[in-house]
Amino acid sequence: MALNPDRLFPIEPDARAIARRLFETVERLPIVSPHGHTDPRWYADDEAFPDPASLFVKPDHYIFRMLYSQGVRLETLGVARKDGGAVETDGRTIWQTFARHFHLFRGTPSRLWFEHALEAVFGIDERLNEKNADTLYDRIAERLTDPAMRPRALYKQFGIEVISTTDAATDDLSAHDAILRSGWDGRVVPAYRPDAVVDAAQPAFRSNVENFVALAGVSLDYAGYLEAHRLRRAYFKARGATSTDHGHPTARTANLSPAEAASLFDRVLQGASAADAELFRAQMLTEMARMSVEDGLVMQIHPGSFRNHNPDIFGRFGADKGADIPRATGYVEELKPLLDAFGNDPRLTLILFTLDETSYSRELAPLAGHYPAVRLGPAWWFHDSPEGMRRFRELTTETAGFYNTVGFNDDTRAYLSIPARHDMARRVDCAFLARLVADHRLDEDEAQEVAVDLSYRLAKQAYKL
Amino acid sequence: MALNPDRLFPIEPDARAIARRLFETVERLPIVSPHGHTDPRWYADDEAFPDPASLFVKPDHYIFRMLYSQGVRLETLGVARKDGGAVETDGRTIWQTFARHFHLFRGTPSRLWFEHALEAVFGIDERLNEKNADTLYDRIAERLTDPAMRPRALYKQFGIEVISTTDAATDDLSAHDAILRSGWDGRVVPAYRPDAVVDAAQPAFRSNVENFVALAGVSLDYAGYLEAHRLRRAYFKARGATSTDHGHPTARTANLSPAEAASLFDRVLQGASAADAELFRAQMLTEMARMSVEDGLVMQIHPGSFRNHNPDIFGRFGADKGADIPRATGYVEELKPLLDAFGNDPRLTLILFTLDETSYSRELAPLAGHYPAVRLGPAWWFHDSPEGMRRFRELTTETAGFYNTVGFNDDTRAYLSIPARHDMARRVDCAFLARLVADHRLDEDEAQEVAVDLSYRLAKQAYKL
Amino acid sequence: MALNPDRLFPIEPDARAIARRLFETVERLPIVSPHGHTDPRWYADDEAFPDPASLFVKPDHYIFRMLYSQGVRLETLGVARKDGGAVETDGRTIWQTFARHFHLFRGTPSRLWFEHALEAVFGIDERLNEKNADTLYDRIAERLTDPAMRPRALYKQFGIEVISTTDAATDDLSAHDAILRSGWDGRVVPAYRPDAVVDAAQPAFRSNVENFVALAGVSLDYAGYLEAHRLRRAYFKARGATSTDHGHPTARTANLSPAEAASLFDRVLQGASAADAELFRAQMLTEMARMSVEDGLVMQIHPGSFRNHNPDIFGRFGADKGADIPRATGYVEELKPLLDAFGNDPRLTLILFTLDETSYSRELAPLAGHYPAVRLGPAWWFHDSPEGMRRFRELTTETAGFYNTVGFNDDTRAYLSIPARHDMARRVDCAFLARLVADHRLDEDEAQEVAVDLSYRLAKQAYKL
């Protein structure tokens, strides 16, 4: 099942031919990856990736959540336990388990990303199954020893122009410094993610804030805390950061008076009620917008995930183990305090994401189609998929147009999936455009221009990269 | 308008050809009907069905709700009044009214089910209208006298392998006993539906519970009440039941301490506040899950219908008269108490349904794609339709895959529509799969296997049939 | 880029051919426009329209919200400031700004409406851009001086049979009187929109009510207030009105006792709390339904917009400047008090609209498919677009059928877009029908009949025009 050159294009031959022409001009454009979760150490150290299971199975929550849902224990997949208890360590055994359950991924984007990486990176165009599992494991493992399979070489092979990591506010960015010092010409920039010092509902909040102000050399009060943000943002910016990222349970914002905010800060530092924690997060989104107006960092809000829904999994394996579940998420009243303050300010770029697709046409497109500061991030997480991306375009374009969106984010921690994901996004966008051309809503020369914008230009512009 | 062999397949010729090939392998697979509302007396007594109106119009809430919405009074359709007042009794007159309004069903699944039954069972391929109403009435009426039109013969003709009815917790299942005693080789199993002894908001709740514990021979306290459930479940299981079914206003669950639950039981028995009734239903879902872990009965939750929205219709005609309206339904916080307790337990199968399609991609697919206990029921009720089924697949597959779904439920009380509904579901699933093959997301051999799974295997497995 | 005769039709050739045949029979049907916002003065005075910018840019909130979202200030577009401050007054300059940003409208309905008007009314089939902006401006400006471009001539050219305006309850309808007196054979009817005397949250509410009762010559108490509604409704009806329109933040209704309602009226007249204002609006919807039962005016509810979300824009430019944002909107519990009272009454026609597409399949279609009084208005506002209309049909037809919908409303204040919008709606409906025919869900002769119903008959019937 070699990758078909027409995959994800419209089925109807005329529209497919248009999609093909559109895709030809964008297929080889450089990859701009303004939001993701690759490890900056990879680029700093440029070491070989370990075995196939460590590359494809263990770190991919899409993969292991599906296997877990069908009764495969996380221990069997080599996912590390918090208590250090025994888990499967043999990569080949993990890989065989994956192969045995490979049919579960039929119809999912994981399947498409995996097979793209398999063929594009390893030259393997066979479908994984129990029988060929060992052979494929060996072929991949052998290939991983090749220097051409090191992170920096792959960066070049993938055609990456710039990639952003996501980094805690208290991160020293030593990996980024090492990359800069190394003289390597790849561009790896950090992004400022202050959730751990903003979310007072986290048990470690107080100690996080203490570290944070200590790192910035300021006092442990609200003025010091805000100053610490300013200083850390500047620190990130000096290392190439152009954006901040905020993963909140809701999109709620607030704009308290300085005295109220300072008093709230004092309260949440002592241990926050759920309401105070929510209000503090809300207030901090507005403060972050205020600082973005000053320092120009692009602001991203990723709301709506109920994190760690499964206490058993969280207790034994920790966060990010496929147990985050989306919830209904409102934006209209929630964002109003922030937008009242900065929504009309041309210096702010506020990129909104959602896990609640009902907000696309009802709230997000109408907001982005009006407020100068607002842009729409691409289909996210569970919706970063062919049907999900199609729905995103169908539900936002008529109200917000293409130019209030920001191109594609791969959002991945799976390095090999980066070209696969950009390939998928470009194909799905070309398919969408081809349908508009085929039913005469758009001329093909315009679609061509839009295809390049969606694949490359808009991400650069929106993220100031 | 004879049934077209390509109905409901993709329009594009290549995809249509793929769908045709997929459908060929599943078209004649036996029908597994794990959830429905046919009357077990039919199979026990095997008597001829009465006239065409009693078969097609009077018992079908899809049909009479549409006619009612356009000004046809329920009395005119022969729907029985609670006060025994006069309603139309002449089947032919009712049939003529139906025929006169037949255009109302354009674009609806009722139309497709009706015409499938007309052609497949009665050999009639004319479109019903005022002019041919009498002739068709006569042809159907005449055919109904044929022994081949009796329930058991139709069971065979339809290719049913097993069918489940839905039965009150207090039902003596005498019809099921009669079927078993009769030596007939059809397989008709009951399903345990305890709503009437779980929903304290129903006026008859207390007397229902009194009957319930009396039937089980236990005391009227919480321990007795739980024991009554265990005993009645065992009674159902002994007669072939493999599942329970819970039709609640919301998906809320709770996991109170035994003392709290017992105290709540005592309270609701005295007349429940709305909040206590909701909490008791919530608690009982978790108790039912606990018992399912013990006895292996598969658990189904059907939440989100505002029952009997129209007080005038309810007052004059009673429940199930087409006046139930869906509401926004949340699952993420609602199911957490139950899932915290049993979501990771491989002994539980919890099948979730929804009338709120926004939950497909936002909540249900992410839950089913993670929790080992959770599976997704098919598109339900108003969404048991070509567009509804397509949306179900488009919105759930990328996150939950195919194997966290449970195949098709016909959910019907209209016996003749059973083959029509399974035919529709198989066609729509084959159409969905054909599109994945045509745009190269899936290989055809895999699609073939999935088609069989969706049409037959998954229902057997999920429902342990 | 001349208008393609196949625009918006299905891409697949067979389905496209069907759509073409369906469209041929409806393309030239008269326009029935039962809900819109054209200025009755236009028809009364029949004066030439001013320059191209005043026609296409300044009054169109779809156009200027998009431009504003991308940094174009409203002053630059000639939108009048409340303080009378300077804004751009040169039509040509405004037009050039529009032309320079024309790419923003790619994929939007505004683009399609604009180009339809350009070609159909002005014979221009070039795509607007910076280079041809001046030439096109001149061609349009010159053409506007032609008497054939006056409102009454265009009414004929557009094939309008009847058009409704929307008018405040306190409007003297002098323009409508002038039209009637003039002997012109066009039919322009008013619609009764009492929001300003119903919404106690508006600052001017008390003075609005004072004017209202004074105009009716009744006392300033609840009995007088209700009588004023009756009298003003009769006044509108005498001038051709067949409908009322209610633009509320929510769909909430109430049915208080007369004493409670009178007391509530007294309270809100003194300055209403948010809760009392909501309750009063709720009560008044039910009162309006009661009056509709009496006087036969068709009732429309347009809920769910958060008006004037942007305080800066509202403060400087006022209402209706593209800053209204939809919100999640419920109907099931909200409409119950009204439906309990009048939902089964054949004398009431209640047409429901939504900005929350999630309610289509979950709430609105099930309500309209049951209650005799309820009909569904077409896709509205942001969803009055090819994808929006398609979703409306896909999400409502299977449950409510076609005959519980009311055809198309253009809802526009942009006169030249009227034929463009009806053309779009007819094409999208024919495309939807063609797909049903192509996959054998509907016969073509039926689709033909439905196409005429959706394009013409249903609007006439539902609005009693």
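Being a predicted model, the structure only gives us computed values, none of them experimental. All values below were derived from every heavy atom in this structure, side-chain atoms included, with hydrogens, water molecules and symmetry-related copies excluded.
Looking at Asn344(A) and Tyr68(C), their side chains come closer than 4.5 Å, going by heavy atoms from C-beta outward.
Note that NZ of Lys321(C) is 11.5 Å distant from NE2 of His370(A), once rounded to the nearest 0.5 Å. Asp356(C) CG to Ser359(A) OG: the interatomic distance, rounded to the nearest 0.5 Å, is 10.5 Å. Residue Arg441(A) holds its CZ atom at 13.0 Å from CG of Asn4(C), rounded to the nearest 0.5 Å. Rounded to the nearest 0.5 angstrom, Tyr371(A) OH and Ile325(C) CD1 are separated by 6.0 Å.
Residue Leu355(C) touches chain A through its backbone alone, counting heavy-atom pairs closer than 4.5 Å. Neither the backbone nor the side chain of Leu67(C) comes within contact range of chain A, judged by heavy atoms closer than 4.5 Å. With a 4.5 angstrom heavy-atom cutoff, Asn404(A) touches chain C via backbone and side-chain atoms both. With a threshold of 4.5 angstrom between heavy atoms, Pro10(C) does not approach chain A through any atom at all. For Phe382(C), the parts lying under 4.5 angstrom from a heavy atom of chain A are both the backbone and the side chain. When heavy atoms are compared at a cutoff of 4.5 Å, Ala368(A) approaches chain C solely by way of its backbone atoms N, CA, C and O. Contacts between Ala373(A) and chain C at a heavy-atom distance below 4.5 Å are absent for every atom of the residue. Both the backbone and the side chain of His103(C) have a heavy atom closer than 4.5 Å to some heavy atom of chain A. Only the side chain of Asp445(A) comes within contact range of chain C, with at least one heavy atom under 4.5 Å from a heavy atom of that chain. Proximity to chain C (any heavy atom under 4.5 Å) is shown, for Leu395(A), by both the backbone and the side chain. Interface remark: Thr358(C) contributes side-chain atoms only to the contact with chain A (heavy atom separation under 4.5 Å).
In terms of heavy atoms, Arg375(A) sits closest to Ser69(C) at NH1-O, 3.5 Å. Counting all heavy atoms, side chain and backbone alike, Gly107(C) lies closest to Leu442(A) at N-CD1, 4.1 Å. Closest heavy-atom contact between Glu12(A) and Pro13(C): OE2-CD, 3.8 Å. The shortest heavy-atom contact between Arg16(C) and Asp439(A) is NH2-CA, 3.9 Å. Of all heavy-atom pairs spanning His309(C) and Leu367(A), the tightest one is CE1-CD2, 4.0 Å. Contact detail for Val332(A) and Pro326(C): the closest heavy-atom pair is CG2-O, 3.2 Å.
Between chain A and the residues Ser110(C), Gly71(C), Pro109(C), Ala431(C), the largest count of heavy-atom pairs under 4.5 Å involves Pro109(C). Contact count versus chain C (heavy atoms, under 4.5 Å) is highest, among Glu363(A), Arg362(A), Arg435(A), for Arg362(A). Heavy-atom pairs under 4.5 Å with chain C were tallied for Gly369(A), Ala447(A), Gly401(A), Ala438(A); the largest tally goes to Gly369(A).
Remark: side-chain polar atoms of Glu387(C) are not paired, donor with acceptor, to backbone N or O of Glu398(A) under 3.5 angstrom. Formation of a donor-acceptor pair under 3.5 Å by the Arg65(C) side chain with backbone atoms of Pro366(A) is found in this model. Between the side chain of Gln70(C) and the backbone N or O of Tyr403(A), at least one donor-acceptor pair lies under 3.5 Å. With hydrogens and angles disregarded, no donor-acceptor distance shorter than 3.5 Å links the side chain of Arg106(C) to the backbone of Asp443(A).
Ion pair Arg127(C)/Glu446(A) flagged as a salt bridge, since at least one NZ, NE, NH1 or NH2 atom sits closer than 4.0 Å to an Asp/Glu carboxylate oxygen.
With a 6.0 Å radius and a threshold of 12 heavy atoms from other residues, nucleotides or ligands, Lys131(C) has its NZ atom at or below the threshold.
His440(A) and Asp6(C) share no side-chain donor-acceptor pair at under 3.5 Å.
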